[in-house]
Amino acid sequence: MRVLITGGAGFIGSHLAERHLERGDEVYILDDLSTGSIDNINHLKTDPRFNYNIDSVTNWHLTAELVDRCDLIYHLAAAVGVRLIVESPVRTIETNIRGTEIVLSLAAKKRKRVLIASTSEVYGKREVVPFREDDDLVMGPTSKGRWSYACSKAIDEFLAIAYWKEKRVPTIIVRLFNTVGPRQTGRYGMVIPNLVRQALVGDDLTVFGDGNQSRCFTHVSDAVTALIGVACHSESPGQVYNIGSNREVSIMELAERIKYLTGSSSPIVKVPYDKAYEEGFEDMMRRVPDLSKINALIGYEPKVGLDEILTSVIAYQREKLSDSTQFAWPSIWQGRERPSSNQGSVNEGA
Ligand code: UDP
């Protein structure tokens with residue numbers, strides 16, 4: 001099988017590319033490196049079945065050629081992270097909507113199978129958990145930047161379903177809940193890479209709000225299993241599936257666990273949302289997926305627990321930090337071998 005992954009140099013995309021290569025598939029990726037990183041795919045470049053294109057999905061001719069060449073398209077290229085969304089709403093809205101329009105219209109020409117990566121963010125401010133795929137979506141007002149991400153992804157979903165209903169293009173939608181693991185950067189605000197990094201370098205662990213809000217974290221390897229299972233199933237076109245884990249942890253408990261597992265002496269500090277994001281920022285208190293639909297389709301159940309997730313992220317970030325010659329090392333490194341220089345900032349990758 002030939003597979004195209006837009007956003008293939010990103011955190012999830014690069015793991016997905018790796019798994020398809022392991023299965024013996026030919027993999028094409030398209031990524032403009034706006035939030036992805038070449039570091040994520042360097043190790044794949046020597047594989048003759050791996051092809052990478054550093055360009056945007058808005059490059060119509062290139063995207064058309066790649067879509068024509070492939071049997072299955074994963075459209076993962078999108079704006080990521082709440083911080084980026086709050087800071088660059090124009091980019092978020094345009095990237096998410098325009099990219100999906102292009103991919104779907106090109107796929108429609110030869111009725112190629114397309115999986116559109118959506119997000120749990122579309123459930124918005126819904127308070128009743130777990131979230132089912134056919135639940136009503138509850139958005140905040142348009143004056144609050146955060147909701148532009150949810151709305152742009154909801155439009156992507158409407159469009160994908162319309163292509164299936166009207167033109168019989170086999171489109172599949174997945175709503176990814178908090179997916180974490182090695183290669184995820186904290187640069188765009190994601191909590192686990194951020195807190196782990198803070199713990200390792202001796203900075204304060206920043207818990208936004210009161211820390212009672214909770215999330216369910218999925219290891220990227222479980223998410224990739226689910227993505228491939230859904231994308232390749234004969235009954236998935238026209239459907240929406242949650243992908244995630246249903247084990248909930250509060251952000252305060254998470255920070256405490258990270259502090260414990262890293263052996264960090266950093267304090268945990270609470271930061272008001274207004275300071276962390278923007279005035280009037282609205283967070284979701286809980287975000288739990290109902291996994292019965294995807295479980296019925298492919299027998300999906302997440303396998304990797306929270307400690308294993310955290311251990312894998314800690315190991316990844318320790319390696320990154322020890323590679324860097326540009327880092328201010330904290331007290332936890334005392335007694336261990338330190339790098340020679342301590343200036344500048346670390347290159348996290350994405
Ligand atoms: N968060 C936090 N400290 C951080 C980054 C995030 O307390 O350094 C909180 C954030 O406010 C949210 C939760 O952790 O309540 C998950 O944030 P993330 O951006 O990872 O995912 P999302 O909000 O999209 O679920």
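The shown structure was predicted, so the numbers you read here are calculated from the model rather than taken from an experiment. Every number for a ligand or one of its atoms is a count from 1 in the order of the listing.
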Test side-chain contact (heavy atoms from CB on, under 4.5 Å) on V180 and V220 and set out the steps. CA-CA 6 Å; V180 291; V220 64; over 6 Å; no
For ligand 1, the residues whose heavy atoms come within less than 4.0 Å (ordered by chain, then number):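 Near ligand 1, by chain and number: V82, R146, N178, G189, M190, V191, N194, T206, V207, F208, Q213, R215, I251, Y273, Y277, D283, R287.
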side-chain contact (heavy atoms from CB on, under 4.5 Å) between K303 and E308, worked out: CA-CA 10 Å; K303 293 196 164 53; E308 214 180 318; over 6 Å; no
Under 6.0 Å from the NZ atom of K270, do we count more than 12 heavy atoms belonging to anything else shown?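 No, the 6.0 Å shell around NZ holds no more than 12 heavy atoms from other groups.
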Donor-acceptor contacts under 3.5 Å from residues 60-67 side chains, at least two apart:
unit_1	atom_1	unit_2	atom_2	d
T63	OG1	V57	O	3.0
T63	OG1	N59	O	2.9
E65	OE2	R69	NH2	2.6

Any cation-pi pair here, R247 with F217, using under 6.0 Å and within 45°?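 So R247 doesn't make the cation-pi contact.
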For atom OH of Y273, decide whether the heavy atoms of other residues, nucleotides or ligands shown that lie under 6.0 angstrom number more than 12.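 Yes.
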